[in-house]
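Sharing a structure here in C-alpha cells format.
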Amino acid sequence: MRGAAAPRAGAAASRRGSGAGGLALGGLFVLLWASAFTAARVAVAEWPPLWALAIRFLAVLPLLLPVVVLRQRRGAGPRWPGRGDRGRLALMGLFGTAGYLAAAWMASARIPSGLVALLCATAPLFVAAGEVLVLRRRLAGAAWTGLGLGWAGVAVLGLGRAGGFGGAELSGIALALAGALSQAVGILAFAPARGRIDPWAANLGQAAVSALALLLGALALEGAPPAAAGAATAAAMAWSVLGVGVAGYALYFVMLRRLPPSTAAALQLLAPPLAAVLGWALLGEVLGWTDLAGGAITLAGLALLLRAAGRG
C-alpha cells in the first residue's frame with residue numbers, strides 16, 4: 001500500500017506544480033495582452049493604425065524567423081505545417097490577428113483603450129457559439145453561466161465608461177466588436193491544428209499573413225507610410241513588437257495548444273480590468289467604481305468557466 005501511495009503522491013505534486021506553472025503563464029499572458037491596448041492607444045495618436053500594425057508585423061518577422069529555423073534544426077519543433085494546417089494558420093493570421101487587430105487599433109483612435117479591451121473581450125461569447133454550431137462541442141451549463149457573467153462584467157464596465165468620456169463614437173464601438181468577432185473566427189479556424197503546429201512556427205506563420213494583409217490595407221486606405229515617430233510612439237511600437245508581437249503571441253499559441261478554444265479566449269476577459277488600470281496609470285483614463293465592479297464580475301465568470309472546463 002505504501003508503494004502505491006508514493007506514485008499517487010508524486011502525481012499529485014506534479015499536478016500542483018503544473019497548475020502553478022499554468023497560473024503563472026496565464027498571468028503573464030494577460031499582462032502582455034492588456035498592455036497591448038495601452039501601446040495601441042499611444043501609437044495611433046500619431047500614426048495611422050493600419051500602417052502602425054503593418055510596420056509592427058514587418059518588424060516582428062525577422063525576429064521570429066531565426067528562432068523558428070533554429071528550433072527546426074535542433075528538432076525542438078515539429079515539421080512545417082501540412083497543406084491543410086497551412087490553410088488554417090493563414091485563416092488565423094487573416095482573421096484572428098490581422099482582422100482583429102486592425103479593427104481594435106482603428107477603434108483605439110476613436111475610444112479609450114480600456115473600452116477597446118473590454119469590447120474585444122467579448123470574443124469568448126462568439127467562440128462558444130461557434131464551438132456549438134460549427135465544432136459540435138457541448139458546453140456545460142456552468143460554462144454558459146460563466147460566459148454570461150463575463151459578458152455582464154464587460155457590460156458594467158462599458159456602461160460605466162460611457163458616462164465617463166461623454167460621446168464615444170459608435171464607429172469605434174462597432175469596430176471593437178467586429179474585432180472580437182474576427183478573432184473568434186480565427187480561433188475556430190485554427191482550433192483543429194493547434195496541437196500539431198509548434199507555437200513559434202504558428203506565430204511566424206500568422207505574423208507573415210498579417211503583415212501582408214495589413215500592408216495591402218494600409219496602402220489602399222491610408223496612403224503613404226508615416227515618415228517620423230515621436231519618443232512615445234517609438235516606445236509604444238517597440239513594446240508592441242517585442243513584448244506583444246513576439247512574447248505575447250508565442251504565449252497565446254501555447255495557450256491555444258493546451259486549452260479548449262473558448263477557455264483560451266476567455267482568459268482575455270482578465271485583460272479589460274488590467275487594461276483599465278494601465279490606462280488610468282499611464283494615460284490618465286478614469287478608473288471608477290464601475291470599472292472595479294465590472295472587473296469583479298468578469299473574474300467571477302472566468303473562474304466559473306475555467307472550473308466547468310476543468311470538469312469537462
Side-chain angles (χ1 to χ4, degrees), residues 29-53 56 95-127 150-151 153-187 210 214 217 232-233 236-237 239-240 243-245 248-249 252 265-288 290-291 294-295 298:
F29 167 75
V30 170
L31 175 61
L32 292 175
W33 207 256
S35 70
F37 296 97
T38 307
R41 179 69 170 172
V42 173
V44 299
E46 182 178 3
W47 280 8
L50 295 183
W51 269 118
L53 278 170
R56 166 189 157 173
F95 291 100
T97 306
Y100 157 59
L101 288 177
W105 282 47
M106 286 190 289
S108 295
R110 295 165 169 83
I111 55 179
S113 60
L115 182 58
V116 175
L118 68 91
L119 291 171
C120 288
T122 60
L125 299 177
F126 296 116
V127 171
W151 178 275
V154 168
V156 170
L157 276 162
L159 291 173
R161 284 187 170 273
F165 56 77
E169 297 184 14
L170 182 61
S171 62
I173 295 173
L175 280 167
L177 288 172
L181 176 59
S182 182
Q183 185 186 37
V185 171
I187 290 173
S210 297
L214 290 164
T233 300
M237 289 298 297
W239 175 252
S240 186
V244 181
Y249 271 92
Y252 182 62
L267 280 171
Q268 294 170 60
L269 290 174
L270 285 169
L274 185 54
V277 172
L278 293 175
W280 166 74
L282 301 177
L283 304 178
E285 296 177 355
V286 176
L287 183 67
T290 52
D291 298 306
T298 296

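Everything numeric here is computed off the predicted structure, so don't read it as measured data. What's counted below: heavy atoms across the whole structure, side chains too, no hydrogens, waters or symmetry copies. One is the number of the first residue; the rest follow in order along the sequence.
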Taking every non-hydrogen atom, the tightest pair across Ala43 and Met237: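 Ala43 and Met237 have their closest heavy atoms at CB-SD, 4.0 Å.
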For a quick test of reading the model, state the closest non-hydrogen atom pair linking Phe29 to Gly248 and the distance between them.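 Heavy atoms of Phe29 and Gly248 come nearest at CD1-O, 4.1 Å.
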Atom CG in Leu181, atom OH in Tyr100: separation rounded to 0.5 Å?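 Result: 13.0 Å between the selected atoms.
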CE of Met106 to CG of Leu101: how many Å apart, nearest 0.5 Å?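 It comes to 10.5 Å.
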Do you know the tightest heavy-atom contact between Ala236 and Ala39?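 Answer, listing the atom of Ala236 first, then Ala39: CB-O, 3.5 Å.
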State, with a plain yes or no, whether a side-chain heavy atom of Arg41 is found less than 4.5 Å away from one of Val116.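 In short, these two side chains do not touch, never coming nearer than 4.5 Å.
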Heavy-atom pair with the smallest gap, counting every atom of Ala104 and Cys120: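 So the two residues come closest at CB-SG, 3.9 Å.
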For Ser182 and Phe95, indicate whether the former's side chain and the latter's backbone hold a donor-acceptor pair under 3.5 Å.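 Judged by distance alone, yes, a pair lies under 3.5 Å.
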Side chains of Trp47 and Thr233: any donor to acceptor distance under 3.5 Å?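 Side chains of Thr233 and Trp47: no pair found under 3.5 Å.
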What distance separates Leu274 CG from Leu32 CG, expressed to the nearest 0.5 Å?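 So the CG of Leu274 and the CG of Leu32 are separated by 10.0 Å.
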Looking at Leu214 and Ala102, what are the two nearest heavy atoms and their distance?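 Leu214 and Ala102 have their closest heavy atoms at CD2-CB, 4.0 Å.
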Identify the heavy atoms of Ser113 and Gly279 that sit nearest to each other, and give their distance.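 Closest heavy-atom pair between Ser113 and Gly279: OG-CA, 4.3 Å.
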Under the criterion side-chain contact (heavy atoms from CB on, under 4.5 Å), I'd like the reasoning laid out for Ile111 against Leu119: C-alpha separation, chi angles, the key distance, then a yes or no. CA-CA 11 Å; Ile111 55 179; Leu119 291 171; 4.2 Å; yes
